[in-house]
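Beneath this line is the structure, given in structure tokens, with notes to follow.
Since the structure is predicted, the reported quantities are computational estimates derived from the model, not experimental observations. Below, all heavy atoms of this structure are taken into account, side chains as well, without hydrogens, waters or symmetry copies.
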Amino acid sequence: MTFTIDTVVQFFPRGGSAQVIRYLNGELVRRAHNCRVLCGSLGRPGELSHAASFYQGLDVAAMDYTPAATAYAQGGSGMDGQASPFHPSYEDRGLHAPDRMFTSISPHTTQHLIRAWTRHLTAHRSPRADVVHIHHLSQLQAAVTRAYPSAARVCQSPESVETVLCHSGPQQGR
């Protein structure tokens with residue numbers, strides 16, 4: 001049996017989750033499953049933070065954070081008002097970083113992030129995803145619920161070392 005699996009992570013490639021996503025999706029593809037990585041990206045092709053470069057060989061649909069990072073570097077917001085807003089962070093990375101800590105973003109900014117990710121996921125999702133593998137607990141759960149109303153969702157949270165089945169509704173049209 002072949003499955004279509006969309007992996008969703010808001011971060012650009014920069015840490016352990018990116019490695020897990022790269023190796024897990026590579027293995028799933030080798031086992032004849034259809035996989036797509038929907039993620040953030042930062043920088044130019046060839047840089048490790050550039051999603052298509054880092055996940056080379058995988059189907060990638062990235063939200064480009066480069067304009068948001070540029071706006072932040074020029075004194076603007078990397079999140080509010082950006083078409084592709086920079087993701088929040090689980091750590092306080094200080095004033096030099098465009099990604100504010102999750103606990104410091106306003107409800108308005110959270111809703112902006114949910115809308116931006118819902119648009120991105122709806123535009124780039126696999127047409128008939130069987131499973132959505134969500135990395136990190138965040139506003140992505142709300143965006144995924146809107147963009148994939150009937151797909152099974154598996155939520156993985158390294159923050160709590162836990163993987164749970166978030167939803168296993170019936171597959172419409174299957």
Working for side-chain contact (heavy atoms from CB on, under 4.5 Å), residues L121 and L38: CA-CA 7 Å; L121 296 174; L38 297 105; 3.8 Å; yes
Check: S138 main-chain N/O paired with Q141 side-chain donor or acceptor under 3.5 Å: yes
Exercise: identify the closest heavy-atom pair between F11 and P88: CE2-O, 3.3 Å
Point-to-point distance, once rounded to the nearest 0.5 Å, from SG of C155 to CG of L140: 9.5 Å
Side chain S41, main chain M63, donor-acceptor under 3.5 Å: no
Verify same cluster id: V29, V60 (apolar side-chain graph, 4.5 Å): yes
Closest non-hydrogen atom pair between A51 and G40, with its separation: CB-O, 3.6 Å
For S49 against P13, the heavy-atom pair lying closest together: O-CD, 3.3 Å
Residue from T4, N25, I21 passing side-chain contact (heavy atoms from CB on, under 4.5 Å) with C35: N25
D6 and R128: CA distance, side-chain angles, deciding distance, salt bridge (Lys or Arg N to Asp or Glu O under 4.0 Å) verdict: CA-CA 10 Å; D6 280 4; R128 295 177 62 111; over 6 Å; no
Audit row: H135, V8, side-chain contact (heavy atoms from CB on, under 4.5 Å) steps and yes/no: CA-CA 6 Å; H135 285 258; V8 180; over 6 Å; no
Within-4.5 Å side-chain heavy-atom neighbours: R22 and Q56: no
Side chains of I5 and L28 in contact at under 4.5 Å (non-hydrogen atoms): yes
Between CE on residue M101 and CG on residue D99, distance to nearest 0.5 Å: 11.0 Å
Flag side-chain contact, heavy atom, 4.5 Å: V131 against V154: yes
Side-chain heavy-atom pair E47, S53 within 4.5 angstrom cut-off: no
A61 versus R36, closest heavy-atom pair with distance: CB-CD, 4.4 Å
Check: S126 and N34 side chains under 4.5 Å, non-hydrogen atoms: no
Common cluster, V9/L58, ILVMFWY with side-chain heavy-atom separation under 4.5 Å: yes
F12-V20 co-clustered via ILVMFWY side chain contacts under 4.5 Å: no
Nearest heavy-atom neighbours spanning A68 and G78: CB-O, 3.2 Å
Inter- and intrachain pairs under ring pair (Phe, Tyr, Trp, His ring centres under 6.0 Å), touching residues 45-81, at least two apart: Y65-F86, Y65-H87
Which atom pairs, one a donor and one an acceptor, fall under 3.5 Å between side chains of residues 111-119 and the rest of the protein, sequence neighbours left out?
{"from": "H112", "atom 1": "NE2", "to": "M79", "atom 2": "O", "distance (Å)": "3.3"}
{"from": "H112", "atom 1": "NE2", "to": "Q82", "atom 2": "O", "distance (Å)": "2.8"}
{"from": "T118", "atom 1": "OG1", "to": "I114", "atom 2": "O", "distance (Å)": "2.7"}

Side-chain donor or acceptor of S106 paired with backbone N/O of T109 under 3.5 Å: yes
Exercise: identify the closest heavy-atom pair between M1 and H33: O-CE1, 3.4 Å
CA sep, side-chain torsions, deciding dist, call: D80, R100, salt bridge (Lys or Arg N to Asp or Glu O under 4.0 Å): CA-CA 11 Å; D80 300 308; R100 296 188 305 253; 3.5 Å; yes
Spacing of F102 atom CZ and H136 atom NE2 [to the nearest 0.5 Å]: 8.5 Å
